[in-house]
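Okay, so here's the structure we're looking at.
Values reported hereafter were calculated over all heavy atoms of this structure, with side chains retained and with hydrogens, waters and symmetry mates removed. Just so it is clear: chains get the letters A, B, ... in the order the sequence lines come, proteins before strands, and each one is counted from 1. This one's a predicted model, so the numbers in the text were calculated from it and none came from an experiment.
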Amino acid sequence: MILKSSGVALAALALIVASAGPGLADDVSVATAQVSHLQDVNPGVSQSEILATATELAKENGLTVDETLQRMYDESAASVSSATTFRPMKEGEGQVPLGPGRNKGDIFTSPASTVGFQHGHDGIYYNQNTIVEAPGTSSNSRSISALTLMVGEGTTKESVSVSQTQRNAAADYAYNNMRGKPYNLVFFNNKQVPASKYNCSQLVWGAYLMATGIDLDSNGGWGVYPYDVRNSSYTTTYASVP
Amino acid sequence: MRIQRVITTLLAMTVLAGCTSAPEGGDPADIRVGDWVMALVVSPQSGDLSNGADTGYLLLADETGRTTTIATSGMDMGGVIWRDGRIFFNDTESDYVLADELTDLPRDSRQEYQQGMFEVAAGFVSVYNVGFDDTGYRHLVVAGDASGTEQWTTEGMYRALGNCGDEVFGISEATGKYVASENDPKPEVLTRLYPPVDGAEKVVTVTEGPIATVEAWSLNAPCSEGSIFFVSQELTDVDAAAEDGRPILERWDTATGEYRAIPLTDSAGEELSLSPTSVLMSHFDQSSIQDGIFHWIADDKVLATDVSTGITEELLTVDLTSPGNGLSRFRFADGELHVLDIGDLSGESASLTRYDLATGDQKVRIELDLTGVMGSSLIPRGLAINPDWA
């Protein structure tokens, strides 16, 4: 569901966000609702960072800050909406083995949620039976078995419509450039590559952009979210787990 | 290479205050190893451990289905070894030996993903997946027993691990110093991780070119007559899809480094009719080979492959609540197979069954209640059976 800029709609969103959990700003301006949503979907990012990013993007694009926040919100909400095909997992269900991919460079998209928002998670197959995870600042990135990795039901596997040589290059780029990089908490403005930090969809998007020149962000904008990659016209879903 | 001495004993049980679903546990000092028949590692996955998850368990079960737990900080893919009245296990901070008392063997670094764990004459060898660094790929090897451990790092991204006698070997695509050219397809490297040479791995062989295979989970591969064996799909080339190709046994001679691909066929010589996914999701362990026969499980079928010919026959069908759910665990022993059937992550539907491989008979079946230990964020991993359980 995408809310257009209207006082009634945003007031309603403010009520919804307030009931969803922490992060509601003290400032009662109209922009608070969008900032609160972005905080909830990007946990660990402060309101000041969101507003600073919006201010910078507004300047770069000749927009007002409110217009910029609305665009950032719209992109995020569209990603959450795209992810609602996954039902939230309850204890004792919803974990299945990811299993092998078809080729190196294939992508998987699995359910992941934060504060009730389903936003998904992306990964690249380093080879047919391993994926590489980027744990964050405290650990090196590492290759782990896809055969024993448990993911949410409805996880999908995608191939990218390029040559295998290009897929190999994308996978190699991803993992050569993940070494020691901290995790990027920001999805709403993450389309930078090379970068000093990466999150999952940024890494997948960036690897394919650098290796092949194609842009896997299906809806453009300043942020690339996991379902933006899955919904790209360059990707083809070939399997759903289970 | 670091030598770590034992610095604590008698680890106290941690009660999860305020958590109504906390499993029943007790003081490890009160646990008599001989009273139990099964040990199971339950842990958050490594991604969750990296993001703050900090509780896993070693669960013990007896013949009546009664269980107890020891809380740990978790270890994804954590193994467990049971030998000589002692249980060896680990978590993110330490390796442990449970005997008359619990011995805590702290490591000098936090680890979240165990690649393999092996029984050797001196005790145990654990291999931890450290990950990429600036020059290649690292694993941490920890070896020792209750009196202390030694630790060192090795170069390699192991796709298979196994021990032959008192040596632990790894097979890896070339990484780091073993890569001659970044632009060329990488060869395979067979190295001995334990015992080390000058605090590092010893190279047995580097192949002339890449090996175009994709293997089932092979990090506890069996050894027979000095060769390590594991199940793979042999591809037409390194870039081919996993769906293409044929099922094989990979055989690696740990003395000469010779590699052989042994095609898997039925008794008529026809390629084994298993889907690539069934091949890659199959199960086997270090005790799979008995008298030249490689025992493994694909879907719910126990198969027996002659390692010299690749001829494979079906032995029996195991009783699984949900085949392929990724939760059930298996351990081969002399002429027997233990199956820990776990229906789902609630832990409500679980049982341990011992099968006679020759007859297919269920010799023992224990119903288990694993609620309180399992959940969508706690995954069953290593399984060990008391070798003295008659």
Could you tell me which non-hydrogen atom of Arg142(A) sits nearest to which non-hydrogen atom of Val130(B), and how far apart they are?
-> CB-O, 4.4 Å

Bottom line for Tyr126(A): the part with an atom under 4.5 Å from chain B's heavy atoms is side chain

Near Lys197(A) NZ, under 6.0 Å, is it more than 12 heavy atoms from other residues, nucleotides or ligands?
-> no

Indicate whether the side chain of Asp239(B) and that of Asn103(A) have a donor and an acceptor atom separated by less than 3.5 Å.
-> no

For Pro100(A) against Met281(B), the heavy-atom pair lying closest together = CD-SD, 4.0 Å

Bottom line for Ile379(B): the part with an atom under 4.5 Å from chain A's heavy atoms is side chain

What's the spacing between Asp237(B) CG and Gln164(A) CD if we round to 0.5 Å?
-> 9.0 Å

Can you see which heavy atom on Gly324(B) is nearest to which on Pro97(A), and at what distance?
-> O-CG, 3.7 Å

Using non-hydrogen atoms and a 4.5 Å limit, figure out which bit of Asn127(A) sits close to chain B: side chain, backbone, both or neither.
-> neither

When rounded to the nearest 0.5 angstrom, what is the spacing between CD1 in Ile144(A) and CD in Gln115(B)?
-> 9.5 Å

Answer with side chain, backbone, both or neither: which region of Leu49(B) has an atom nearer than 4.5 Å to a non-hydrogen atom of chain A?
-> neither

Given a strict heavy-atom distance threshold of 4.5 Å, which part of Arg381(B) is in contact with chain A: side chain, backbone, both, or neither?
-> side chain

Distance col, row Gln45(B):CD vs Gln95(A):CD, nearest 0.5 angstrom, shows 6.0 Å

Over all atoms of both residues, closest heavy-atom pair of Gln128(A) and Val214(B) = CB-CG2, 3.8 Å

Quick one: what part of Glu173(B) sits under 4.5 Å from any heavy atom of chain A, side chain, backbone, both or neither?
-> side chain

Mind checking the OG-CZ spacing from Ser141(A) to Phe132(B)? Nearest 0.5 Å is all I need.
-> 5.5 Å

d(Tyr113(B) OH, Ser143(A) OG) to nearest 0.5 Å is 8.0 Å

Once you round to the nearest 0.5 Å, how far does CD of Glu112(B) lie from CD of Glu133(A)?
-> 8.0 Å

